[in-house]
Each structure stands twice: as structure tokens, then as C-alpha cells.
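Notes to accompany the following structure.
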Amino acid sequence: MIADKGTSAKATKTVVEAGRPLIEIQGVRKSYVTQEKTVKALAEVNLDIHAGEFMSFVGPSGCGKSTLLNIVAGLLDASEGTVLVGGEHLTKPRRDMGFMFQAPVLLPWRSVERNVMMPAEVFGLPQEEIRPKARRILTTVGLGDFLDALPSELSGGMQQRASLARVLTYEPRVLLMDEPFGALDEFTREAMNLELMRIAAETGITILFVTHNISEAVFLSHRVVVMSARPSRVAGVVEVPFEYPRTVDVMHDPQFTDLTFQIRQLLGESV
Amino acid sequence: MTSSTLRRFRHRRAPASSRQQISRAQRWKYRGASLLITAAILGFWELLPRTGLVSEIVLPPLHEVITALGLLLQQSTFYGHLAVTLREIMGGFLAGTIIGLVGGIGLAVWQPVKQVTYPYVVGFQAIPKIVFAPLFIAWFGYGEGSKVVMGIAIAFFPVLINTLVGLESVPTDSVKLMRSLRATSLQIFRKVSFPHALPLIFAGIKQALTYAVIGALVGEFVGASAGLGYLLDSYNYQLRIDYVFALIVVLAAIGAALYFIVEWLDNRLIYWREQ
């Protein structure tokens with residue numbers, strides 16, 4: 001089992017390779033049956049993800065990295081294989097795992113604050129208990145002045161911040177992110193990446209991050225999983241040794257360039 | 001930030017932007033022009049019968065219609081007829097809306113039922129409902145009941161279709177988000193699907209209101225012993241065209257008043273609507 005929430009929240013980010021991994025992906029395959037044929041989306045995937053780890057998944061579009069993320073989220077059933085979370089078989093979505101989409105997916109009729117409080121409402125937690133926390137997290141993501149704003153009054157970046165605040169408010173152990181900043185402009189994306197890294201380092205949350213941006217993956221992750229084109233396999237796992245949390249300076253490190261090149265080669269071989 | 005969200009944003013913080021002032025000036029121009037048209041029509045109405053080109057029996061001059069309206073509003077029997085028609089409209093509207101809402105939710109939630117019954121619903125809509133008016137009077141009598149049924153028959157459909165379409169157009173990501181939180185079907189319906197469908201449902205309700213007015217009047221024309229439609233029909237029979245026009249004015253006012261009530265409710269309830 002994983003360390004309890006109280007200690008993991010404060011613990012500094014160190015990836016412990018020893019002990020049982022938090023998430024074990026074992027022999028997971030996925031195929032879709034259409035009328036004419038069976039399409040293999042995922043050929044076998046085996047991976048261990050440790051508590052507190054930031055792991056990115058890169059690969060050509062349509063390679064099944066989102067499919068894999070959806071399976072780990074419990075939103076999609078694997079055709080074969082199993083996913084274990086904290087040693088337990090995953091059969092349906094878990095409330096200690098949060099999912100974040102490429103789109104902010106805010107409810108347009110709810111204020112920013114009420115959007116952020118929605119998960120707590122679904123869980124049946126008392127509003128008075130959650131509200132202070134929701135406000136605190138909204139303030140840390142820079143939306144403290146927009147509690148009563150409707151989503152349509154916010155920019156795309158601000159909407160995605162609200163979406164991040166929503167998932168952080170219920171303190172999941174694992175954050176599953178499907179190209180969360182893919183629709184944002186370069187400047188906003190960089191700011192969001194730094195924000196995310198700071199949160200990851202502070203809370204010790206485990207993050208699975210799907211992206212098609214190689215330098216984003218290297219910058220953020222402890223390990224980058226390179227996936228091949230369909231039917232998808234793991235083409236390689238690249239470790240990123242830079243100390244955590246990082247600053248944008250690491251992007252100018254020669255080793256950073258080496259790592260991105262290494263990933264590019266893995267991608268090239270797999271196509 | 002897209003330019004349209006930016007604009008909306010500024011709109012809220014600084015309502016007196018120059019952009020809005022220009023459009024306000026323009027709006028007054030348009031209002032002036034449309035008032036001019038109204039004045040021209042009313043002027044023609046007054047003058048045309050006097051020229052002798054149109055018989056005063058066919059088209060009584062405006063002042064006679066106004067006089068008739070004044071006299072009508074002083075009759076105590078008029079208010080009895082008004083009450084009958086209002087009851088019929090409200091009955092058809094409310095029952096039609098509830099049936100449409102429940103039916104639309106039922107079809108959206110329960111796919112097998114939709115597959116089986118949807119062709120009948122669409123088929124029923126293809127029938128011009130006026131043909132049922134004599135039948136409804138035979139079945140439900142000369143009183144208010146047959147008019148309410150007529151109203152329901154035409155008013156339920158736009159609510160049903162809009163409810164169904166609204167509930168079926170919920171963004172998949174929103175549902176997926178709720179599923180990732182392990183929300184129950186009822187929670188997904190209450191917190192996501194239904195509010196999402198609400199703007200479309202309201203558009204259907206607005207239509208239902210106009211249809212309920214038509215239902216009540218058609219029912220009264222075909223066979224009734226009370227109501228504004230009955231009154232209009234009897235004045236027409238007596239060639240009291242001035243009273244016919246006076247009643248048309250009353251009915252137009254009822255239609256407009258009801259519409260504005262629903263419009264007002266719509267704006268209050270659906271405050272998040274784009275634009």
C-alpha cells in the first residue's frame with residue numbers, strides 16, 4: 001500500500017524504486033471490434049508507476065496513449081490484462097484518481113467556485129467544509145479574484161486553471177492528464193507547466209501525463225514513456241535525471257537536448 | 001483569450017463602451033422606423049374606409065374599432081369569456097409542457113422505448129392536428145375540456161423534441177468527467193444533462209405557449225358556448241367586424257403578454273447563455 005495521505009502530502013518528491021509500485025499495468029491490450037475487422041489499439045503494455053512519480057506518455061497521434069490513460073482511469077475496459085492500483089484490481093473509476101481533459105470541461109452555468117466544488121458535491125461532502133479549501137486552491141492557481149465569474153468570462157488558460165483547481169480540490173493521489181495544456185498558447189502552456197511542477201513537488205501527487213510535445217514531456221517528467229504507432233507498444237522508457245522541481249533553465253542543458261533526441265529516435269524507429 | 005470572450009468580459013466590467021452606444025443610437029433609429037410603419041398602417045386603416053374604396057362593413061375605420069374595444073371592455077360578459085379562454089390556454093400549455101417534458105426525458109433516458117415509440121411520435125406530428133378538433137369536441141364535449149386537449153395535442157411536441165435533443169446533445173467529456181468521479185446516473189442527469197438541455201427546453205416551451213393559444217381558439221371556432229374564439233365567431237356571424245377587430249387586438253395582447261412572461265423567465269433561468 002501507499003503511504004497515507006498525511007505524510008505523502010508533505011513528503012518531498014523522491015521516487016522510491018523499492019517497494020510495491022502504486023500503479024501496475026500488466027499485459028494490457030485493447031482492441032476495438034468493428035463490423036469488418038478487429039482494430040488493435042494497444043498491443044501489450046507493461047508498466048510500473050511509483051508513488052510520487054511524474055510519468056509522461058509521448059507517441060504519434062492515434063497511437064493509443066489516450067486509450068491507455070482511459071484504461072488506467074477505469075473509464076475504459078482493457079480487452080486483456082489488468083491494472084492494479086495500490087495492489088487492488090481496477091474495475092471502475094476511483095475517487096482517489098483525478099482525470100483532466102484537453103478541454104476544461106467546466107459547466108457553463110456554474111461559477112468558477114461552484115465548478116471547483118462539484119466533485120465534493122458528487123461525493124456528498126458538506127459544502128461549508130470544502131469551500132475554504134476550494135478558495136485556497138483557486139487562489140494558488142491565480143483565480144482568487146474570479147470566484148463568482150462564469151467560465152465564459154475567463155480566457156482559455158484561466159479555464160484550464162479552474163479545471164486544475166477542480167481536480168486538486170478533492171486531493172487525488174493520482175492525476176491522469178490527457179494533453180491538458182494542448183489547446184493553450186505557448187506562453188500559457190509554459191506557465192501552466194511550471195505551476196503543475198510546483199504542485200507535484202509540493203504535494204507528492206503521482207501524475208500520468210499524455211502529450212505529443214517532447215520537450216514538455218522531458219521538462220516535466222521523471223520518466224518518459226515512448227509509445228509506437230498502432231498497434232501501440234512501449235518503444236522505450238527514458239529517465240530524466242534532472243533534480244525536481246526544475247526551472248526552465250534545464251531546457252538549455254545539453255543533456256536535455258540529448259534526451260529529446262533520444263526520444264525522437266525511439267519514435268522514429270517505431271514508425 | 002478569444003476575442004469574443006474578451007468582449008463579453010469587458011461588457012460586464014464597463015457597460016458604457018463606445019461600441020454599445022453606437023448600437024443604442026442605431027436601435028432608436030430602427031425603433032423610430034418601425035413606429036413610423038405602425039403609424040402609416042393605422043392611418044390607412046382610418047382613411048381607407050372613408051374614401052369609399054372599401055366598405056365600412058368589411059373594414060370599419062380605426063376609431064370604430066377603438067370604440068368597440070372600449071365597449072367590449074365594459075361588458076361584464078366579456079370577462080367571463082376571457083376567463084374561459086385563459087383557462088383553456090393555461091390548461092393546454094401546462095399539461096402539454098409537462099407531457100412533453102416527461103415524454104422527452106423518458107425517451108432520452110430509456111433508449112428501447114425511444115426506438116419503439118419515436119416513429120409514432122414523429123408520425124403523429126405529421127398529421128395536421130386541426131382535423132382532430134371536431135373529434136375532440138365529440139369526445140370531450142362543448143366545454144373547456146376539449147379545448148385543453150386540443151392545446152395539449154399541438155403544444156406537447158416542441159417541448160418533447162427539444163427536451164430529447166437537448167438531453168442527447170450533452171458533451172461526452174462532461175459525462176466522462178462525471179463518470180470519473182463515480183457520479184450516479186441521477187447526479188449526471190441533475191448536475192449536467194438537464195441544465196445543459198434547459199436552453200433548448202425553454203425554446204420548446206415558448207413555442208408550446210403560442211401553440212396552446214392556437215389550440216384553444218381553434219377548439220372554440222369548431223364548437224363552443226363560451227370563450228373569446230366563440231365570441232369572435234359570433235360577432236363575425238353578425239357582421240360586427242369592428243368587434244371582431246377589437247377581439248383580435250385583445251388576443252394579440254394576450255399572446256404578447258404570455259410570451260413576454262416566458263421570455264422573462266427564460267432570461268432569468270438561463271443566465272449563462274452565450275450572447
Side-chain angles (χ1 to χ4, degrees), chain A residues 66 69-70 72-76 91-111 114-115 117-125 145-146 148-160 163 166-167 169-170 172 174-176 178 183-185 187-188, chain B residues 1-15 17 19-20 162-163 166-203 205 265-275:
Chain A
S66 288
L69 200 71
N70 276 290
V72 176
L75 291 167
L76 207 62
T91 48
K92 55 186 174 200
R94 296 169 58 108
R95 286 182 172 173
D96 57 359
M97 306 212 317
F99 200 92
M100 201 173 152
F101 304 81
Q102 180 168 7
V105 200
L106 300 169
L107 300 176
W109 51 87
R110 280 177 176 244
S111 68
R114 290 199 58 232
N115 260 296
M117 286 172 62
M118 218 251 321
E121 243 178 81
V122 171
F123 298 167
L125 301 173
D145 293 333
F146 296 90
D148 296 323
L150 290 177
S152 60
E153 295 169 322
L154 304 182
S155 68
M158 289 159 96
Q159 289 185 16
Q160 202 56 299
S163 177
R166 176 178 58 200
V167 76
T169 301
Y170 63 97
V174 182
L175 199 49
L176 306 167
D178 192 358
L184 302 179
D185 64 84
F187 296 108
T188 314
Chain B
M1 193 181 278
T2 66
S3 62
S4 72
T5 54
L6 241 178
R7 207 176 305 131
R8 221 172 303 134
F9 197 64
R10 282 208 209 102
H11 237 61
R12 282 229 167 172
R13 312 288 132 151
S17 70
R19 203 187 137 78
Q20 219 178 4
N162 283 24
T163 306
L167 290 175
E168 287 190 337
S169 66
V170 177
T172 48
D173 272 359
S174 300
V175 176
K176 207 166 143 188
L177 170 75
M178 293 301 276
R179 285 217 300 128
S180 82
L181 298 169
R182 288 233 310 266
T184 62
S185 310
L186 186 65
Q187 281 176 324
I188 297 177
F189 181 82
R190 281 179 42 214
K191 291 182 197 298
V192 176
S193 310
F194 191 71
H196 170 84
L198 212 49
L200 258 180
I201 292 174
F202 244 90
I205 289 177
L265 258 178
D266 183 40
N267 281 329
R268 302 234 75 192
L269 281 174
I270 303 154
Y271 52 85
W272 66 88
R273 201 198 317 266
E274 308 266 312
Q275 306 290 281

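Within every chain, numbering begins at 1; the chains are lettered A, B, ... in the order of the sequence lines, protein sequences first and strands thereafter.
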Look at atom CZ of A/R95 and say whether more than 12 heavy atoms of other residues, nucleotides or ligands are closer to it than 6.0 Å.
->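 Enclosed: over 12 neighbouring heavy atoms sit under 6.0 Å from CZ of A/R95.
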
With a 4.5 angstrom heavy-atom cut-off, could you sort out which part of B/P195 is near chain A: side chain, backbone, both or neither?
->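 When you check distances to chain A, atoms from both the backbone and side chain of B/P195 fall under 4.5 Å.
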
Any donor and acceptor pair, going by atom type alone, linking the side chain of [X] with main-chain N or O of [Y] inside 3.5 Å?
X	Y	answer
A/R94	A/V174	no
A/S111	A/D148	no
A/N70	A/L75	no

Drop me the distance from A/L150's CG to A/R110's CZ, to the nearest 0.5 angstrom.
->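 CZ of A/R110 is found 12.0 Å from CG of A/L150.
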
Please classify the contact of [X] with chain B as side chain, backbone, both or neither, using a heavy-atom distance under 4.5 Å.
X	value
A/E121	both
A/M118	side chain
A/L107	side chain

Plane angle bin for B/F189 and B/F194 - parallel if under 30°, tilted between 30 and 60°, otherwise perpendicular |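 The arrangement is tilted - the two ring planes meet at 30° to 60°.
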
For the student: nearest non-hydrogen atoms of B/W272 and A/P108, plus distance |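 Shortest heavy-atom separation between B/W272 and A/P108 comes out as CB-O, 3.3 Å.
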
Identify the heavy atoms of A/G98 and A/V167 that sit nearest to each other, and give their distance.
->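 So the minimum-distance heavy-atom pair works out to CA-CG2, 3.5 Å.
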
If you check every heavy atom in residues 173-180 of chain B against those of chain A, which residues fall under 4.5 Å?
->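 Result: B/D173, B/S174, B/K176, B/L177, B/M178, B/R179, B/S180.
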
Considering only heavy atoms and a distance below 4.5 Å, find which of B/L198, B/T184, B/V192, B/I188 pairs most often with chain A.
->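 Ranked by heavy-atom pairs under 4.5 Å with chain A, first place is B/V192.
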
Who pairs with A/D178 by salt bridge (charged side-chain N to carboxylate O under 4.0 Å, His left out), at least two apart in sequence or on another chain?
->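 Salt bridge (charged side-chain N to carboxylate O under 4.0 Å, His left out) check on A/D178 returns nothing, list empty.
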
Out of A/Q102, A/M97, A/R166, which one racks up the most heavy-atom pairs below 4.5 Å with chain B?
->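 Option with the top pair count is A/R166.
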
